[in-house]
Protein chains: 2
Amino acid sequence: MKRRHATLSDIAKALNVSASTVSRALHDSPLIRKETKDSVIAMAKALNYQPNQQAIGLLNKKTKIIGVIVPEITGYFFATAINGLQDFVENTGYKLIIGQSNESFDQEAKLMETLSLARVDGLIISPTSETTSNIHLEKFRESGIPVVVFDRDCPNFLSDKVFVDDYEGAFQAVDYLIKTGCRKIAHLGGPANLTTCRCRKRGYLDALTQNGITPDPQLILEVPGFTPDCGEEIIRDLLDREAIPDAIFAVNDAVAIGTMPVILEKGLRIPQDISLIGFDDEPYSQYFMPSLTTVWQPVYELGLLSGRILMNHILHSPEEYDYRYELLKPELIVRQSSKPLV
Amino acid sequence: MKRRHATLSDIAKALNVSASTVSRALHDSPLIRKETKDSVIAMAKALNYQPNQQAIGLLNKKTKIIGVIVPEITGYFFATAINGLQDFVENTGYKLIIGQSNESFDQEAKLMETLSLARVDGLIISPTSETTSNIHLEKFRESGIPVVVFDRDCPNFLSDKVFVDDYEGAFQAVDYLIKTGCRKIAHLGGPANLTTCRCRKRGYLDALTQNGITPDPQLILEVPGFTPDCGEEIIRDLLDREAIPDAIFAVNDAVAIGTMPVILEKGLRIPQDISLIGFDDEPYSQYFMPSLTTVWQPVYELGLLSGRILMNHILHSPEEYDYRYELLKPELIVRQSSKPLV
DNA sequence: CTGTTAGCGCTTTCAG
DNA sequence: CTGAAAGCGCTAACAG
C-alpha cells in the first residue's frame with residue numbers, strides 16, 4: 001500500500017491554517033501562538049510528517065551528504081577509518097556516500113563526477129596509487145566544495161589534510177630492529193607513488209643511516225599491492241639469494257603475513273633467523289604464530305578527525321580559511337615476530 | 001571562489017530560448033531541431049552544466065539513493081557484500097548510503113529513521129543479533145519502499161530475501177570432520193537469535209545424527225560475538241575439562257582463529273589432536289599455520305544479487321509482486337587444520 | 001519545433 | 001500572530 005508522504009500543506013489543510021504557519025510552528029518560531037504550535041505538532045505527529053529534505057536542499061543548496069572516496073573498503077584500514085568518520089558524522093545529521101576507486105585513477109575521477117552530480121556538501125578522499133594529477137580535485141575546490149585529503153597525500157593540492165606520521169612509525173620500527181641486533185634489514189615497500197609508502201621508506205633509510213648502517217639497494221624491494229600474496233611472491237625471490245636478510249620491515253601487515261609461511265617453509269625461524277615487522281596492526285596480526293610485531297595507526301581517529309575538520313569547514317565556512325594539517329602519531333607494538341631488546 | 005552551479009535557465013538566457021527547450025534538447029527529444037540541440041549542448045558544456053538531482057527528485061519523488069544497514073563494516077564479510085552491492089548499483093546511477101547498527105537494535109531503528117528522512121528509494125538490510133521485532137521494517141514497507149533482507153533473516157517479515165545456505169555449509173563441514181575420523185566434535189556457535197547461527201547449528205546437529213552420533217550438550221557452546229577473543233575465551237573453558245573434543249566447528253573464522261594459540265599452547269596439535277573448521281574463508285585464513293579449513297561463502301555475489309533484486313523491484317515495481325527468496329551455495333575449503341579423508 | 005504555465009515541498013519576505 | 005506570494009531548478013502538459 002503506497003501512501004504519499006504527508007506534506008506541510010496536508011497539515012495546513014487539516015488545521016485550516018496556512019503552510020507558512022505550519023512551517024513556523026514546526027521550527028518553533030516565537031511568532032506563533034502556543035496553542036497553534038501544539039495543534040500543529042500534534043497533527044504533524046498524527047500524519048507522520050517528515051520534512052522533505054530534497055525540497056529543503058533545493059532551497060538552501062545543501063544536500064547534507066558528504067562524499068567519501070577510498071581505494072577500497074574491504075580491508076581493515078579504510079573500513080575502520082570510515083567507521084570513525086561515520087560515528088562523527090552521524091550526530092550532525094549528515095549522511096555519507098562512499099565510493100571505492102579500487103586504486104584506479106579513472107574510477108576515482110568517475111566517482112568524483114558522480115559525487116559532484118549528487119551535489120555533496122563536502123568530500124573526504126584518500127587518492128589511488130595511480131593518482132598523480134589533481135585536476136579533478138581542483139575542479140571540486142573551484143566550485144567551492146570543501147575537501148579533506150586523508151592518509152595519502154595529494155601533493156600540491158591545497159586543502160585540509162589529515163595523515164598518520166608514517167615516517168616516524170617506520171623509523172621506530174627499523175630502529176627497534178637494529179637495537180635488537182639486526183643489521184641486514186630488508187624493506188618490502190609499497191607503490192612508490194604513494195606518499196605513505198615513500199614516508200615509510202624514508203623512515204627506514206634514516207633509521208639505518210642514523211645507526212651507521214649503509215642501506216643495501218639489494219634489500220630494498222617494492223611490492224605492487226597490499227595483499228599477502230604480494231608478500232609471498234617477493235619473499236621467494238629474496239630468499240633465493242645467497243645473502244639472506246636478518247630482518248624484514250614490510251609496508252603493511254598483510255604483506256608481512258604473506259611472507260611468514262615461505263620463511264618457515266625454507267627452514268628459517270622467526271624471529272631467531274629473521275625478524276619481521278609489519279604496519280597497521282590488523283585485528284588478526286596478534287593471532288599469528290609468532291604474533292606479528294607491527295606499527296599501530298590511529299585509524300579510527302584518522303577518520304573521526306577528518307570528519308570533524310570537514311564538518312567544521314562546511315558549517316563555518318569563512319571567507320579566509322587556513323587549511324589544517326594534522327599528523328597523528330603511530331605506535332610500535334612489539335610482539336613475538338621480532339627479538340627482544342638486548 | 002564559489003561559483004553558483006549553472007542552471008537550465010542560465011543556458012536558456014545565454015541562447016535566447018526557453019528553459020523547456022533546453023531541457024528537451026538535453027534529453028535529446030525528437031521535437032528539437034538539430035541545430036538548436038547542438039548549440040544547447042555546446043553551451044551546457046561551456047557552462048559546465050550539471051542537472052540538479054534535488055530538483056528532479058523533488059519532481060518525480062525519487063532520490064536515487066538506496067540505504068544499506070549492516071551490523072558492522074570493518075569485517076571482511078559485510079565489507080565484501082557491500083562491495084558487490086556497490087559494483088552493481090554503480091552502473092544504475094544510484095548511490096548508496098551505508099549505516100552500521102553495531103549489533104544494536106536501537107541504533108538500527110535510529111538508522112532506519114534517518115534513511116526514511118533521507119527518502120531513500122530502497123533499503124538493503126542485515127538485522128542485528130538483537131533484532132526480534134519487525135515494526136521498524138513494517139513501517140518502511142507500508143510507505144511503499146522496497147526492502148531486501150540479506151544474510152540474516154527477519155522471520156515473519158515479508159520482503160525479498162537473499163541468503164547463503166548456512167545449514168548446508170555447516171552440514172558439509174561437520175560431515176567432513178566425521179568422515180576424517182572425528183567423533184567428539186564441539187560447536188562454538190554464535191548468538192542464537194541470528195538465523196545464520198541457528199542454521200549452522202542445525203547443520204551441525206543433523207550431520208552428527210545422520211552419522212549415528214548423539215550430540216553431546218557439553219560440546220555445544222555459544223560465543224557472544226564474532227571476534228577472535230570470543231573464541232579465545234571459550235576455548236579455555238572447553239579445554240579445561242577432562243573430556244577434550246577431537247574437533248571444533250566454529251561459527252566463523254575469527255572465532256576459530258582465536259582458539260588456535262590456546263590449543264597449541266596446551267600442547268595439543270592441529271589437526272592431529274584437534275581438527276578445526278571455521279566459516280567465511282576470510283582472506284587471512286589460508287595464511288595461518290596450519291592454514292584454516294573453512295566454509296567459503298559467496299559474499300560478493302550475496303551483495304550483488306541483493307542489489308540486483310532491489311533495483312529490479314524499484315524500477316519495475318508492479319502492483320502484484322512476488323517476493324524473491326534466494327539461497328546461495330557455500331563451499332567447504334579443506335586446508336591443513338583438518339585431517340585428510342581416510 | 002518552441003514557449004508558457006504550473007507545480008513538486010519547502011522557506012522566507014512582505015503584508016496584513 | 002498569521003496569510004499570500006515568490007522562488008529554489010526542473011519537467012510536463014498545454015498551447016501555439
Side-chain angles (χ1 to χ4, degrees), chain A residues 2-41 43-44 47-65 93 116-121 143-144, chain B residues 2-41 43-44 47-65 93 116-121 143-144:
Chain A
K2 289 208 187 195
R3 261 205 320 265
R4 218 179 90 270
H5 272 175
T7 70
L8 271 192
S9 62
D10 288 340
I11 304 180
K13 250 171 256 166
L15 258 42
N16 260 317
V17 295
S18 77
S20 25
T21 302
V22 176
S23 172
R24 284 190 273 250
L26 258 20
H27 286 258
D28 201 29
S29 152
L31 299 175
I32 302 289
R33 211 177 56 231
K34 173 117 179 39
E35 302 125 59
T36 328
K37 260 183 207 171
D38 290 345
S39 64
V40 165
I41 290 169
M43 183 56 75
L47 297 181
N48 189 28
Y49 170 75
Q50 294 185 309
N52 186 325
Q53 298 291 341
Q54 300 206 75
I56 298 172
L58 184 56
L59 222 42
N60 60 207
K61 296 166 188 326
K62 287 245 168 304
T63 52
K64 291 214 160 204
I65 293 178
S116 166
L117 252 162
R119 295 281 212 277
V120 294
D121 292 345
S143 53
Chain B
K2 289 207 183 194
R3 262 205 318 268
R4 220 179 90 269
H5 272 182
T7 71
L8 270 192
S9 61
D10 288 339
I11 304 180
K13 251 172 254 163
L15 258 44
N16 260 318
V17 294
S18 77
S20 27
T21 301
V22 176
S23 172
R24 282 190 276 251
L26 258 19
H27 285 258
D28 201 28
S29 152
L31 299 175
I32 303 289
R33 211 174 58 232
K34 174 117 179 38
E35 303 126 56
T36 328
K37 260 183 208 171
D38 289 345
S39 63
V40 165
I41 289 170
M43 181 58 73
L47 297 180
N48 189 27
Y49 170 75
Q50 294 186 310
N52 185 324
Q53 298 291 340
Q54 299 205 79
I56 298 173
L58 183 56
L59 220 43
N60 58 207
K61 295 166 189 324
K62 288 244 169 303
T63 52
K64 292 214 160 203
I65 293 178
S116 168
L117 251 162
R119 295 282 212 276
V120 295
D121 291 345
S143 53

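Chain letters run A, B, ... following the sequence lines, proteins first and then strands; every chain starts at 1.
Between S18(A) and the phosphate of dG3(D), there is a side-chain N or O to OP1/OP2 separation shorter than 4.0 Å. Side-chain N/O atoms of K37(B) include none lying less than 4.0 angstrom from OP1 or OP2 on dC1(C). Residue T21(B) places at least one side-chain N or O closer than 4.0 Å to OP1 or OP2 of dG3(C). For dT5(C), neither phosphate oxygen OP1 nor OP2 lies less than 4.0 angstrom from any side-chain nitrogen or oxygen of S20(B). The side chain of K61(A) contributes an N or O atom lying less than 4.0 Å from OP1 or OP2 of dG9(D).
Minimum interatomic distance between L26(A) and Y49(A) (heavy atoms only, all atoms of both residues): CD2-CE2, 3.7 Å. Across every non-hydrogen atom of A55(B) and L58(A), the tightest pair is CB-CD1, 3.8 Å. In this structure, P51(B) and I56(B) approach most closely via the heavy-atom pair CB-CD1, 4.1 Å. In this structure, A12(B) and S18(B) approach most closely via the heavy-atom pair CB-C, 3.7 Å.
S23(B) and S20(B) share no donor-acceptor pair across their side chains, judged by distance under 3.5 Å alone. Judged by distance alone, the side chains of Q54(B) and T63(A) never bring a donor and an acceptor atom under 3.5 Å apart.
Separating the NZ atom of K13(A) from the C1' atom of dG9(C) is a distance of 12 Å, rounded to the nearest angstrom. Straight-line distance from the CG atom of L58(A) to the C1' atom of dA6(D): 14 Å, rounded to whole Å. Distance N16(A) CG to dG3(D) C1': 13 Å, rounded to the nearest Å. Straight-line distance from the NZ atom of K62(A) to the P atom of dG9(D): 13 Å, rounded to whole Å. Atom P of nucleotide dC10(C) and atom CD1 of I11(A) are separated by 8 Å, given to the nearest angstrom. Look at CD on Q54(B): it is 16 Å from C1' on dT11(D), rounded to the nearest Å. One atom, CG of L59(B), and another, C1' of dC10(D), lie 6 Å apart when rounded to the nearest Å. When the P atom of dG9(D) is taken as reference, atom CZ of R119(A) falls 9 Å away, rounded to whole Å.
Bending across the helix from dC1(C)-dG16(D) to dG16(C)-dC1(D), expressed as the angle between its end axes from five pairs apiece, amounts to 50° (10° rounding).
The line from CD1 of I41(A) to CD1 of I32(A) is 10.5 Å long, rounded to the nearest 0.5 Å.
Side chains of I11(A) and L47(A) form a contact here, defined as non-hydrogen atoms less than 4.5 Å apart.
Residues from residues 24-32 of chain B that place a heavy atom under 4.0 Å from any atom of DNA chain D, listed by number: R24(B), H27(B).
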- prompt: Q50(A) and R119(B): side-chain contact (heavy atoms from CB on, under 4.5 Å), yes or no, with the steps?
  reply: CA-CA 9 Å; Q50(A) 294 185 309; R119(B) 295 282 212 276; 3.7 Å; yes
message: Checking D121(A) against K64(A) for the salt bridge (charged side-chain N to carboxylate O under 4.0 Å, His left out) test, could you report, in this order, the C-alpha distance in whole Å, the side-chain angles of both residues, the deciding distance, and whether it holds?
response: CA-CA 6 Å; D121(A) 292 345; K64(A) 291 214 160 204; over 6 Å; no
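Heavy atoms of L8(B) sit under 4.0 angstrom from at least one base atom.
Listed nucleotides: dC10(D), dG3(C), dG9(C). Nearest to the side chain of A55(B): dC10(D).
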